Amino acid sequence: MAEPPASLSGQDVGRWKESCGSFAYLTIKDRIPQILTKAIDTLHRHKSEFFEKHGEISSIFLQKGMEAEKKAISLLSKLRNELQTDKPIIPLVEKFADTDIWNQYLEHQQSLVSESDGKPRWFYSPWLFVECYMYRRIHEAVIQSPPIDDFDVFKESKEQNFFESQESIIALGTHLQELLKTIEDLDENNLKNEFFKLLQISLWGNKCDLSLSSGNTSSQKTNIINSLEQFKPFILVNDMEHLWSLLSNRKKTRGKGTVSRVDIVLDNSGFELVTDFILADFLLSSKLATEVHFYGKTIPWFVSDTTIHDFNWLIEQVKHSNHKHLSKCGVDWENYIKMGRWVYHDHIFWTLPHEFCAMSQVAPDLYAELQKAHLILFKGDLNYRKLTGDRKWEFTIPFRQALNGFHPAPLCSIRTLKAEIQVGLQPGQGEQLTASDPSWLTTGKYGVFQFDGPL
Ligand SMILES: O=P(O)(O)OC[C@@]1(O)O[C@H](CO)[C@@H](O)[C@@H]1O
Ligand SMILES: [Mn+2]
């Protein structure tokens, strides 16, 4: 097979707005420093909390809390300075489960740089690599600053996203509970329609990530169910029928007591996670699946990504809602977890910089776990970038080719477009979009259900 194309990078001129530089360049220049500034500000504002938590026993602890906050802030300021002055990417120093793998990857990036270019740098190296590295360095700053080493600098914005989306969340919870009342009586066609609705809700739920808005609020304020028809023309690749065929055929043909497993590689917490839970509940209630497995991030990531803490926090919030339909959702979801019908998995691979085609080498245990699924849903833009290697593919290259051998099981990307990469389009489709809406690749207005079926 021919070599895959080069990686997107901060040194590119854009596929659009050529005079201003690529989306990758603008992300490194503007968005990432803003995210760092916001993280610093969050640490500042939480100062008193650290003192209360760690400083109440004696003045020695008070001292410790103060020092930790100062240290984390100075490490983050140093990081922001390295980035803004395009300094070389330096190895991680603090021992953590993935430190060695990260540093090996850095060496690999170093080996790709020619002698005259020196070292991997922020605006020079692959965008996927430097962006992941930035979030990993934020984590390093926090773990280097005990006793605040479990502090999530993004927690506040994730929670805010959830609270600000309350009305939409209640509307979704109500829709689900109404649907569950009659689900047993629905004919094939109605069941399929409901499946498609909830898939689309989960797709548009991906509009609300916080790293695109530099950590500023990006919540869902309107009832998304009423907007689905209006959004349909913005679905550029729509393989929903394939997902239905796969799951409904399996439901018909599987023997009693056999498993149908759908795995969801999660993206953002808050509103998007609610849409994923609603879909996952429907999959079990409709018997299209008998088990749903979720994968989250082990460390705070790309501002809004889901950690185990966010996952549990959200279910707890929903359960304690004073809205009866919503709290019923929370009770059911907690039960699914208790019964092992919903399973949460952690793996460090998801917060490494590797493209997914490297998974079978770098994380064979995770690859083997995913192989147990009958269908894997990859939520969000970052997962799409990692599925396709974040490379400069032609718009018409088949999705399977861009996956570059990654195929643990039939899989589908459910993603709104927030990076200058898209494959599997019809000839001329990309060019037409560029002409009619030059920023189509990066605003989150468009989406895809892109499926790669059984081999
Ligand atoms: O994976 P998500 O949450 O859908 O999107 C993450 C994301 O906003 O982060 C990057 C900007 O920093 C973009 O590449 C990408 O769109
Ligand atoms: Mn995300």
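First listed ligand is number 1; within each ligand, the first listed atom is number 1. This structure is a prediction, so every number in the text was calculated from the model and none was measured.
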Query - Pairs touching residues 357-368 that satisfy side chain to side chain donor-acceptor pair (under 3.5 Å), sequence neighbours left out - result: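 Qualifying pairs, neighbours excluded: H347-D365.
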**Report entry** Part of E131 with heavy atoms under 4.0 Å of ligand 1, whether side chain, backbone, both or neither
**Finding:** side chain
Report task. Classify the contact between L382 and ligand 1 as side chain, backbone, both or neither, using a heavy-atom distance cut-off of under 4.0 Å. Result -> both
Below 4.0 angstrom from a heavy atom of [X], which ligand 1 atoms are there? Numbered from 1 as shown, please.
| X | result |
| --- | --- |
| W127 | 14 (O) |
| D267 | 1 (O), 2 (P), 3 (O), 4 (O) |
| N268 | 3 (O) |
| F302 | 9 (O) |
| T27 | 12 (O) |

Query raised in the report: Counting backbone and side-chain atoms alike, does N268 have an N/O/S atom under 2.8 Å from the Mn ion (ligand 2)?
Result: yes
Query raised in the report: Strictly under 2.8 Å, is any N, O or S atom of D381 next to the Mn ion (ligand 2)?
Result: no
Requested in this report: Answer yes or no: does an N/O atom from N206 fall short of 3.5 Å to an N/O atom of ligand 1?
Outcome: yes
Query - Closest D267 atom to the Mn ion (ligand 2) [N, O or S only] - result: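 Closest N, O or S atom of D267 to the Mn ion (ligand 2): OD1.
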**Report entry** the Mn ion (ligand 2) - name of the N/O/S atom of D305 that sits closest to it
**Finding:** OD1
Query raised in the report: How would you list, by chain and number, every residue that makes a side-chain hydrogen bond (donor to acceptor under 3.5 Å, both in side chains) with K87, sequence neighbours excluded?
Result: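 Testing K87 for side-chain hydrogen bond (donor to acceptor under 3.5 Å, both in side chains), a comparison that skips the adjacent residues, returns T85.
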Query - From R385, R31, K379 - option closest to atom 14 (O) of ligand 1 by heavy atom - result: R385
Query raised in the report: With respect to atom 4 (O) of ligand 1, which of E272, E420, K386, K418 exhibits the smallest heavy-atom separation?
Result: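 Selected option, by shortest heavy-atom distance: K418.
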Requested in this report: Pick out which of L375, L411, V292, I376 makes a side chain to side chain contact (heavy atoms under 4.5 Å, CB included) with D263.
Outcome: I376
Query raised in the report: In terms of the angle between their ring planes, are H242 and F451 parallel, tilted or perpendicular, with boundaries placed at 30° and 60°?
Result: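 If you compare the ring of H242 with that of F451, the planes turn out parallel.
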Query - Exercise: do E194 and H175 side chains pair donor with acceptor under 3.5 Å - result: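 Yes.
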Requested in this report: Test D41 against every option in H44, K38, R45 by the side-chain hydrogen bond (donor to acceptor under 3.5 Å, both in side chains) rule and name the one that passes.
Outcome: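 Testing each of H44, K38, R45 against D41, the sole residue satisfying side-chain hydrogen bond (donor to acceptor under 3.5 Å, both in side chains) is R45.
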Report task. Check Y295, F277, F311 against Y344 for a ring-ring contact (aromatic ring centres under 6.0 Å, His included) and give me the one that passes. Result -> F311
Report task. Examine R137 relative to W102 and say whether NZ or CZ is less than 6.0 Å from the centre of the six-membered ring and inside a 45° cone about the ring axis. Result -> no
Query raised in the report: Going through the distances and angles, do S7 and L128 end up as a side-chain contact (heavy atoms from CB on, under 4.5 Å)?
Result: CA-CA 8 Å; S7 306; L128 179 62; over 6 Å; no
